[in-house]
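Below is one structure; the comments refer to it alone.
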Amino acid sequence: MVNLKNHIEQVRDFLSLSIYRFKTKHGAPKLVGIYCCPRMGWITTNFNLTNDNTDNCADLEYVEFDIIELENWQNEYEKDSPKFVIHDRTVEHNHDLGDEHMNIIFFEYLKPIAKEIGDEFNIRILLQKLDSEQTELMKNEA
């Protein structure tokens, strides 16, 4: 079982550092794409310098600028009955039903982190799951 709460700080730090590194190298981006594949255990950052209105991380100007690999997400997913704890509830994944249910779970997990990062950096965030309907272009509130 993987408790996603244990990864919040690691994910937040990865995103903050990636944005900082991008700004240092290329200047202030207009949009940060957070692209995630929970079954493979990775999150990438993607950036646009010129446009802040898109709905696909793969179309951004700087794709896969940084990546974090969370092996225990993938290791748990590969079990017969993977279990993830999110917001203090345990969710068991059924492989026979496909991955969209798990994508929704991870989307809801990442959404408050993405919102916090967007507000912290005063930037728009595109949160997207690989091979999923879970996509949202978030406006910052800072």
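We use all heavy atoms of the structure for the numbers below, so side chains are in, but hydrogens, waters and symmetry mates are not.
- A donor-acceptor pair under 3.5 Å is formed between the side chain of Tyr109 and the backbone N or O of Leu4.
- Residue Trp73 comes nearest to Pro38 through the heavy atom pair CB-O, 3.8 Å, listed as atom of the first residue, atom of the second, then distance.
- When every heavy atom of Ile123 is checked against every heavy atom of Pro29, the shortest pair comes out as CD1-O, 3.0 Å.
- The CD1 atom of Ile125 sits 11.5 Å away from atom CD1 of Ile113, with the distance rounded to the nearest 0.5 Å.
- In this view, Lys30 satisfies the salt bridge (Lys or Arg N to Asp or Glu O under 4.0 Å) rule with no residue, not counting sequence neighbours.
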### Query
When you look at Ile34 and Gln128, which way does the side chain to side chain contact (heavy atoms under 4.5 Å, CB included) test go after all the steps?
CA-CA 6 Å; Ile34 301 172; Gln128 185 175 32; over 6 Å; no

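- Within 6.0 Å of the CD atom in Glu92, the count of heavy atoms belonging to other residues, nucleotides or ligands exceeds 12.
- Here Lys23 contributes atom NZ and Ser18 contributes atom OG; the two are 12.0 Å apart, rounded to the nearest 0.5 Å.
- No donor-acceptor pair under 3.5 Å is formed between the side chain of Glu136 and the backbone N or O of Leu127.
- The minimum heavy-atom distance linking Ser16 with Ile117 is given by the pair OG-CD1, 3.2 Å.
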### Message
With side-chain hydrogen bond (donor to acceptor under 3.5 Å, both in side chains) as the criterion, how do Thr54 and Asn56 come out once you've worked through the C-alpha distance, each side chain's angles and the decisive distance to 0.1 Å?
### Response
CA-CA 6 Å; Thr54 186; Asn56 188 2; over 6 Å; no

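- Rounding to the nearest 0.5 angstrom, the gap separating the CZ atom in Phe14 from the CD atom in Glu9 is 15.5 Å.
- Asn48 places no side-chain N or O within 3.5 Å of a backbone atom of Thr50 that could act as its donor or acceptor partner.
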What pairs of donor and acceptor atoms, side-chain ones from residues 82-90 against any protein atom, are under 3.5 angstrom apart with sequence neighbours left out?
none

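- Put simply, the side chain of Leu130 does not reach to within 4.5 Å of the side chain of Met40, judged on heavy atoms.
- Side-chain contact between Ile19 and Thr45 is absent, with no heavy atoms from C-beta onward closer than 4.5 Å.
- The line from CG of Asp131 to SG of Cys37 is 7.0 Å long, rounded to the nearest 0.5 Å.
- In this structure, Phe106 is not a member of the same hydrophobic cluster as Tyr35, with clusters built from ILVMFWY side-chain heavy atoms closer than 4.5 Å.
- Legend: residues meeting side chain to side chain contact (heavy atoms under 4.5 Å, CB included) with His26, ordered by chain and number and at least two apart, are Phe22, Leu49, Tyr62, Phe65.
- Remark: Asn6 CG is packed, more than 12 non-hydrogen atoms of other residues, nucleotides or ligands lying under 6.0 Å away.
- Under the side chain to side chain donor-acceptor pair (under 3.5 Å) test applied with Arg12, the options His7, Glu116, Glu120 reduce to a single match, Glu116.
- Here Asn51 contributes atom CG and Arg124 contributes atom CZ; the two are 9.0 Å apart, rounded to the nearest 0.5 Å.
- Cluster annotation: Ile105 and Ile8 are assigned to the same hydrophobic cluster (Ile/Leu/Val/Met/Phe/Trp/Tyr, side-chain heavy-atom contacts under 4.5 Å, transitive).
- When hydrophobic side chains of Ile, Leu, Val, Met, Phe, Trp and Tyr are connected at separations under 4.5 Å, Leu137 ends up clustered with Leu31, Leu60, Leu126.
- Shown here are the salt bridge (Lys or Arg N to Asp or Glu O under 4.0 Å) partners of Asp13, two or more places apart in sequence or in another chain: there are none.
- Summarising the geometry of Met138 relative to Lys111, their closest heavy-atom pair is CE-CG, 3.2 Å, with the distance given to 0.1 Å.
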### Query
Given Met102 and Tyr77, is the side chain to side chain contact (heavy atoms under 4.5 Å, CB included) satisfied, shown in steps?
CA-CA 9 Å; Met102 190 169 69; Tyr77 172 82; 3.1 Å; yes

### Message
Run Val63 and Cys57 through side chain to side chain contact (heavy atoms under 4.5 Å, CB included) and show every step you take.
### Response
CA-CA 7 Å; Val63 175; Cys57 285; over 6 Å; no

### Query
side chain to side chain contact (heavy atoms under 4.5 Å, CB included) between Asp99 and His93: does it pass, once the steps are laid out?
CA-CA 8 Å; Asp99 288 335; His93 177 65; 3.5 Å; yes

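- In terms of the side chain to side chain contact (heavy atoms under 4.5 Å, CB included) criterion, residue partners of Gln134 (sequence neighbours excluded) are, by chain and number, Glu100, Asn103, Ile104, Phe107, Lys129, Ser132.
- Atom OG1 of residue Thr44 and atom CG of residue Leu15 lie 10.0 Å apart, to the nearest 0.5 angstrom.
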